[in-house]
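To keep things clear, I will list the structure first and then write my remarks on it.
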Amino acid sequence: MASSLTKDSVRPDIGAEKTFFGHPRGLATLFMTEMWERFSYYGMRALLPLYLVAPSGLHMNAGTATAIYSVYVSLVYLLALPGGWVADRLLGPRRTVAVSGLIIMLGHLCLALPVSASFFVGLGLVAIGSGLLKANISTMVGHLYKGPDDARRDGGFTLFYIGINLGAFIAPLIIGTVGENVGWHLGFAIAALGMALGLGQYLLGGRHLSEQSNVVPTPLTAEEKRSTLRKGLIWLAIAVVFYGIVGGTGHFTLNWALIPLTIIGLVIPIMVIARIRRDKELDDSERSKVSAYIWFFVAAAVFWMIYDQGGSTLSIFADASAKNTIAGWNFPVSWYQSVNPVMIMALAPVFAWLWLWLNRRGKEPSTMVKFASGLVLVGASFFLFLAPLSIAEGGHKAAALWLVAIYFVQTVGELTLSPVGLSVTTKMAPKKYASQMMGVWFLAVTAGDSVTALLSNPAIGGVNLDRMGFVGLEAVLAVVAGIAVWMYRKKVKAMMGSVN
């Protein structure tokens, strides 16, 4: 399939080598792998909260469904850290991605079985596989180019980013439609098929990938392998004994898994950042930058706490209280999840041009101002959410365009914060943690979604997050956080040193 997108190179130094829109041939392999993986992931994610609350699904309350969804998303990003470790110390990126694709496919197949226990096993497998893949496939894109100065490098990552959003856009239209209108488990089965296609072409196109992707950068010594295995088995035995006792005494409920995972998602990000901040090998400049980075991390966590509810709180609200029609034409609720990726593809080039245009005139906003804007915008999206909530409380169905408007505002906020956050993470990372800091950035998503899970879980006093008062409170929190970031921008800029 990818070969139809290639063309002969006219560069004399490459000769007759096939390229992918002028880029290394291996980019087609990684583009298609990521597109199909995102197709499977976002298609399943679009169905997940709807299946959890549907009478024909697991028929849970909205609070529990939101907690499960949020814990699942937080795990995907949390597991990117060990995913990077597996590639660096055990398998190398190329083999790790192959293993991750197989795990994801098996996870979707478990979801496709009409058995509750199999469903949650499937969620766990997809989270593990996605974490392994997410940490490594972008690294492999970088391996295709001759160092950071290769003029094609940024364009290659742009094409790769299009693959991500193309898969995310198509997935709800296909998987969502089948899942809602034909059968939930058939929808999950199509997600498995998507990952199978991605894995198949990855294995077939592997010869076009860089040899560097086969390298294990810092392999474990024999003693380290024994120590790691021993510690892993000890922790596994503890978990098996603990949950065996809980289950054997008849006390096990889903919250025995949800609540510990929620706590882990909050504690690990704090521990990781604190460990880096206290590292005595960092010089004063690096330690100062880490202190400044905490501001960005907390701001991002608040942003993702609200933004990721677009797939849970907003989706569940749309299912129960929106018309989901345009010009008299009905569409599946899961189609709302295609709004963001199509807007990203349309608006990302505009923002890239805008920042360059402002930079040439010396008016480009600082990173702090961009982050403050992102927070204010995601807060504004929830102020906007109050309108359809008010309509629903009045006994009417809210128009679909209200929800589209909310997703639009959130997308604009994402474009002012997410790409900028990736960039500032690479700029502010201490040399010792240059490769690990991207995993730290993803932990902001883990922290934000863990807070959502904590607030929504009925077992620990959580509430349905689509209540007027709570939505308004979240909106105020985001706007206040944005104002705080803006007010302290000069202080943080001083800690950032030469980084803008």
Side-chain angles (χ1 to χ4, degrees), residues 1 30 32-54 56-58 60 65 68-80 83 96-137 163-204 257 261 311-312 315 332-335 337-338 341:
M1 186 174 295
L30 298 177
M32 297 299 290
T33 303
E34 181 70 350
M35 187 195 76
W36 283 116
E37 188 274 331
R38 292 292 87 181
F39 172 86
S40 68
Y41 174 77
Y42 280 103
M44 182 277 289
R45 211 172 92 161
L47 284 183
L48 178 58
L50 304 176
Y51 172 73
L52 292 174
V53 300
S56 57
L58 296 186
M60 295 179 174
I68 292 172
Y69 176 92
S70 300
V71 166
Y72 165 71
V73 175
S74 74
L75 275 179
V76 169
Y77 289 90
L78 176 63
L79 291 168
T96 302
V97 169
V99 171
S100 69
L102 179 61
I103 293 172
I104 292 170
M105 185 180 69
L106 292 175
H108 287 304
L109 287 174
C110 287
L111 294 175
L113 299 175
V115 181
S116 296
S118 174
F119 179 83
F120 290 104
V121 170
L123 277 185
L125 288 174
V126 175
I128 292 169
S130 297
L132 287 170
L133 186 139
K134 192 170 189 66
N136 294 292
I137 196 164
I164 294 173
N165 284 283
L166 186 60
F169 167 67
I170 296 171
L173 305 181
I174 298 175
I175 296 175
T177 301
V178 172
E180 289 189 60
N181 296 331
V182 181
W184 300 108
H185 297 286
L186 182 58
F188 295 132
I190 294 175
L193 176 61
M195 190 65 253
L197 291 171
L199 180 60
Q201 69 83 39
Y202 175 77
L203 296 175
L204 291 173
L261 289 173
S312 54
S315 185
V333 175
S334 52
W335 282 25
Q337 302 309 306
S338 289

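- In this view, L204 satisfies the side chain to side chain contact (heavy atoms under 4.5 Å, CB included) rule with no residue, not counting sequence neighbours.
- Scored by the side chain to side chain donor-acceptor pair (under 3.5 Å) test, Y72 finds no partners at all (sequence neighbours excluded).
- Applying the side chain to side chain contact (heavy atoms under 4.5 Å, CB included) criterion to L113, with sequence neighbours excluded, gives S118.
- S40 and I104 make their closest contact through OG-CG2, 4.1 Å (heavy atoms, listed as atom of the first residue, atom of the second, distance).
- Distance check, rounded to the nearest 0.5 Å: CE of M195 to CG of L102 gives 9.5 Å.
- Using a 4.5 Å cut-off on side-chain heavy atoms (C-beta onward), S130 and E37 make contact.
- Taking every heavy atom of both residues into account, I164 and R38 meet most closely at O-CB, 3.7 Å.
- In this structure F39 satisfies the ring pair (Phe, Tyr, Trp, His ring centres under 6.0 Å) test together with W36, sequence neighbours excluded.
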Any chance you could lay out the side chain to side chain contact (heavy atoms under 4.5 Å, CB included) test for M32 and Y202, step after step, and finish with the verdict? CA-CA 8 Å; M32 297 299 290; Y202 175 77; over 6 Å; no
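- For S315 against L50, the heavy-atom pair with the smallest separation is OG-CD2, 3.6 Å.
- Nearest heavy-atom pair, S338 versus A168, reported as atom, atom and distance to 0.1 Å: OG-O, 4.3 Å.
- In this structure, G107 and L125 approach most closely via the heavy-atom pair CA-CB, 3.6 Å.
- Scanning for side chain to side chain donor-acceptor pair (under 3.5 Å) contacts around S312 gives an empty result, with sequence neighbours left out.
- Q201 places a side-chain heavy atom less than 4.5 Å from the side chain of T33.
- Residues meeting the side chain to side chain contact (heavy atoms under 4.5 Å, CB included) test with T96, sequence neighbours left out: V86, A87, L91, L132, N136.
- Between I68 and L123, the closest side-chain pair of non-hydrogen atoms falls below 4.5 Å.
- Summarising the geometry, atom OG belonging to S100 is positioned 8.0 Å from atom CG belonging to L199; distances are rounded to the nearest 0.5 Å.
- Counting only heavy atoms from C-beta outward, the side chains of L78 and L75 approach each other to under 4.5 Å.
- Contact check for Y41 versus L133: no side-chain heavy atoms found under the 4.5 Å cut-off.
- Shown here are the side chain to side chain donor-acceptor pair (under 3.5 Å) partners of Y69, two or more places apart in sequence or in another chain: R45.
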Hey, can you pull the donor-acceptor pairs under 3.5 Å for the side chains in residues 169-192, sequence neighbours left out?
unit_1 : atom_1 : unit_2 : atom_2 : d
T177   : OG1    : L173   : O      : 2.5
T177   : OG1    : W335   : NE1    : 2.7
E180   : OE1    : V333   : N      : 3.3
E180   : OE2    : V333   : N      : 3.2
E180   : OE2    : S334   : N      : 2.7
E180   : OE2    : S334   : OG     : 2.7
N181   : ND2    : T177   : O      : 3.4
W184   : NE1    : S56    : OG     : 2.9
H185   : ND1    : L111   : O      : 2.9
H185   : NE2    : Y51    : OH     : 3.4

Quick one, Y42 with L47, criterion side chain to side chain contact (heavy atoms under 4.5 Å, CB included). Give me CA distance, side-chain angles, the key distance, then yes/no. CA-CA 9 Å; Y42 280 103; L47 284 183; over 6 Å; no
